[in-house]
Asks: 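Okay, handing you the structure first.
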There are 2 protein chains.
Amino acid sequence: MPPELAGKLTALLSKPRDIPARQDLMTEGDAPAAMVVMLEGWACRYNILPEGTRQISAFLMPGDCCDLHVSVLTEMDHSIATLTPAKVAHIQRDELNDLLDAEPALMRAFWWMQLVNESVMRAWIVSMGRRDSLQRVGHLMLELYARATAIGLVRDDRLVMPLTQIVIGDALGLTPVHVNRVLRRLREEGVMEIQGGTLTIADSAKLARVTGFDDSYLHRRLKRAA
Amino acid sequence: MPPELAGKLTALLSKPRDIPARQDLMTEGDAPAAMVVMLEGWACRYNILPEGTRQISAFLMPGDCCDLHVSVLTEMDHSIATLTPAKVAHIQRDELNDLLDAEPALMRAFWWMQLVNESVMRAWIVSMGRRDSLQRVGHLMLELYARATAIGLVRDDRLVMPLTQIVIGDALGLTPVHVNRVLRRLREEGVMEIQGGTLTIADSAKLARVTGFDDSYLHRRLKRAA
DNA sequence: CGGCGTTTTGATCGCTCTCAATTTTGGTGG
DNA sequence: CCACCAAAATTGAGAGCGATCAAAACGCCG
């Protein structure tokens, strides 16, 4: 995003607010009143099914917006919750709409963000449909690692990645028990490891090969974010 | 979309072209030169994995655009192929971009379409993650039936639905063999039936209950399209 | 009429789930 | 700093859903 646009957008941001972990930022059925921008911490989009199970459809990291839908749609068809303590800022629906009307380039930028999100979602669909549990877990970790790298969250080849095995399971359609076994296998094979909330990928080439990971679907995101 | 905008968009449409079934409209890796609008027939977005398996991530019906990405992104991360003989029209990338710059409301409309697509994709992720094979098949059929109803494709409660069991399997992450067994079960239970390329939903209330189908995620699409 | 792709059915395999119990971790209050 | 508690991680045993392999019947199109 061109800096002058980013500036105008930043000007609309509310004062940052601290949110505890595991708290809804938006709830299904709500009419979203404002767009929320993640400044620190992780969050996720999710749905709860009639049986009570949860499916996560996206992870939100610092810099991600939730929700771009604000200015267009009227009702949330999913919820968004923090996974860690988070810092967020708001942009009021009306102010955002006014700015978007005044700055078509900004609307285009938002549209572009949307397209990148769609790329990621498509990759998730491919994973859930055609990859086994080991590939799914590995692929997700590579995605998160790449995204985190792009926003400077990776230090010394380590990523503080606060996802519990329950959360990983809810994102991949697996049980936490099975996620645990998959992680053990990946660890034993020396490919990657999650230790104390920190992700370390020891052999990213092998992991990418095994999981069929191709970061080109993220490139646009990464290039633009860089 | 307001009629005057639709008119300006229509003015850019190329002469309709006939495309045979099973032909790529766009191929992964291509730089898309034009946006394609489906006028007749069905198509799908898909990826081919290293192992040779295919995953379909969306179905395109008349009125759907493929691809909105044209004016923003540079390279396709998936392919689009016809499933039936189809009639399509093109809008050249540059002309579309010029019109979008001149008509912010049109860009907003495109953004809005994108958000609806995203709703549908999220529902797919939920299905693939947390629904069993019977629920998945039923849920997809209800989605397609609702979308087809909205564009007037349903007559006498019957939908000409040209998806083979192979295609359904590729969309839901199931084998064609298992899709067949699921369809048999749905037929035997008197819930729905696919006969000679025609879908008939005998007990949509029961099917919706069993599959956890809630059309609210489509309402925006349907309302607007109506 | 012939041929190929789709549909259908059967038998068996195996990946992932379920159920259950134990250990570890992290956060909280004394 | 330590005791305690709840949540998460870990491991084992067994069951089931959907995959795989195989083959036959069907339908469509040339």
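Order of the sequence lines sets the chain letters (A, B, ...), proteins ahead of strands, with each chain counted from 1.
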Asks: Closest nucleotide of DNA chain C for L183(B) versus for L174(A): which of these residues is on the 5' side?
Replies: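 Nearest-nucleotide comparison on DNA chain C picks L183(B).
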Asks: Rounding to a whole Å, what distance do you find between L163(A):CG and dA9(D):C1'?
Replies: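 To the nearest whole Å, that distance equals 15 Å.
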Asks: Look at the aromatic rings of Y217(B) and H139(B) and report parallel, tilted or perpendicular, splitting at 30° and 60°.
Replies: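 Rings of Y217(B) and H139(B): parallel, under 30°.
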Asks: For residues 151-165 of chain B, please give each side-chain donor-acceptor pair under 3.5 Å, one per line with the distance, not counting sequence neighbours.
Replies:
unit_1  : atom_1 : unit_2  : atom_2 : d
T164(B) : OG1    : I166(B) : N      : 3.4
T164(B) : OG1    : V167(B) : N      : 3.1
Q165(B) : OE1    : N180(B) : ND2    : 2.9

Asks: Could you check whether G173(B) gets within reach of a base, just the sugar-phosphate, or nothing at all, counting any heavy atom under 4.0 Å?
Replies: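 Sugar-phosphate: the residue G173(B), judged by heavy atoms under 4.0 Å, touches backbone atoms but no base.
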Asks: Measure the CD-CG distance between E189(A) and L207(A) for me, rounded to the nearest 0.5 Å.
Replies: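 Taking CD in E189(A) and CG in L207(A), the distance rounds to 10.5 Å.
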Asks: Starting at atom CG of D132(A), determine the distance to atom P of dG18(D), rounded to an integer number of angstrom.
Replies: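 Rounding to the nearest Å, CG of D132(A) and P of dG18(D) are 17 Å apart.
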Asks: So for R181(B) and dT20(D), does any side-chain atom that can act as donor or acceptor lie under 3.5 Å from a complementary atom in the base?
Replies: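 Donor-acceptor pair under 3.5 Å: yes.
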Asks: Just so I know, are the side chains of L96(A) and R93(A) near enough to count as touching, which here means a heavy-atom distance under 4.5 Å?
Replies: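 Contact flag for L96(A)/R93(A) side chains = no.
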Asks: When you check the phosphate oxygens OP1 and OP2 of dT7(C), does a side-chain N or O of N180(B) lie under 4.0 Å from one of them?
Replies: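 Result: no.
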Asks: Taking the nucleotide of DNA chain D with the closest heavy atom to each, which residue, V177(B) or I194(A), is nearer the 5' end?
Replies: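 With V177(B) and I194(A) compared, the 5'-side residue is I194(A).
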Asks: Within the structure shown, what part of the strands sits under 4.0 Å from R22(B) by heavy-atom distance: base, sugar-phosphate, or nothing?
Replies: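 Sugar-phosphate: the residue R22(B), judged by heavy atoms under 4.0 Å, touches backbone atoms but no base.
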Asks: Would you mind reading off the distance between Q195(A) atom CD and dT24(C) atom C1', rounded to a whole angstrom?
Replies: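 Distance check: Q195(A) CD to dT24(C) C1' gives 11 Å.
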Asks: So, does S133(B) get its side chain near the phosphate of dG18(D), meaning an N or O under 4.0 Å from OP1 or OP2?
Replies: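 Yes, such a contact exists.
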Asks: Rounded to whole angstrom units, what separation is found between the CD1 atom of I166(B) and the C1' atom of dG5(C)?
Replies: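 One finds 7 Å between C1' of dG5(C) and CD1 of I166(B), rounded.
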Asks: Side-chain N or O of T175(B) less than 4.0 angstrom from OP1 or OP2 on dA19(D)?
Replies: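 The answer is yes; a side-chain N or O of T175(B) sits under 4.0 Å from OP1 or OP2.
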Asks: Rounded to whole Å, how long is the line connecting atom CZ of R185(A) with atom C1' of dC15(C)?
Replies: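 R185(A) atom CZ is separated from dC15(C) atom C1' by 10 Å.
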Asks: By nearest nucleotide on DNA chain C, pick out whichever of G196(A) and V179(A) is the more 5' one.
Replies: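 Result of the comparison: V179(A).
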Asks: Within the structure, does a side-chain N or O atom of R184(B) lie under 4.0 Å from either OP1 or OP2 of dT9(C)?
Replies: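 It does, given that an N or O in the side chain of R184(B) lies less than 4.0 Å from OP1 or OP2 of dT9(C).
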Asks: Whole Å only: how far is the CD atom of Q165(A) from the P atom of dT24(C)?
Replies: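 My rounded result for the distance is 15 Å.
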Asks: In whole angstrom, give the distance that lies between atom CZ of R136(B) and atom P of dC17(D).
Replies: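 That distance rounds to 14 Å.
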Asks: Name the nucleic acid region contacted by T164(B), choosing base, sugar-phosphate or nothing; use a 4.0 angstrom heavy-atom cut-off, strictly under.
Replies: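 Counting heavy atoms under 4.0 Å across all strands, the contact made by T164(B) is with sugar-phosphate only.
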Asks: Just to verify, which of N47(B), T53(B), D170(B) counts as forming a side chain to side chain donor-acceptor pair (under 3.5 Å) with R130(A)?
Replies: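 Output: one option passes, namely D170(B).
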Asks: Specify the separation, in whole Å, of atom NE2 of H178(A) and atom P of dA13(D).
Replies: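 From H178(A) NE2 to dA13(D) P: 17 Å.
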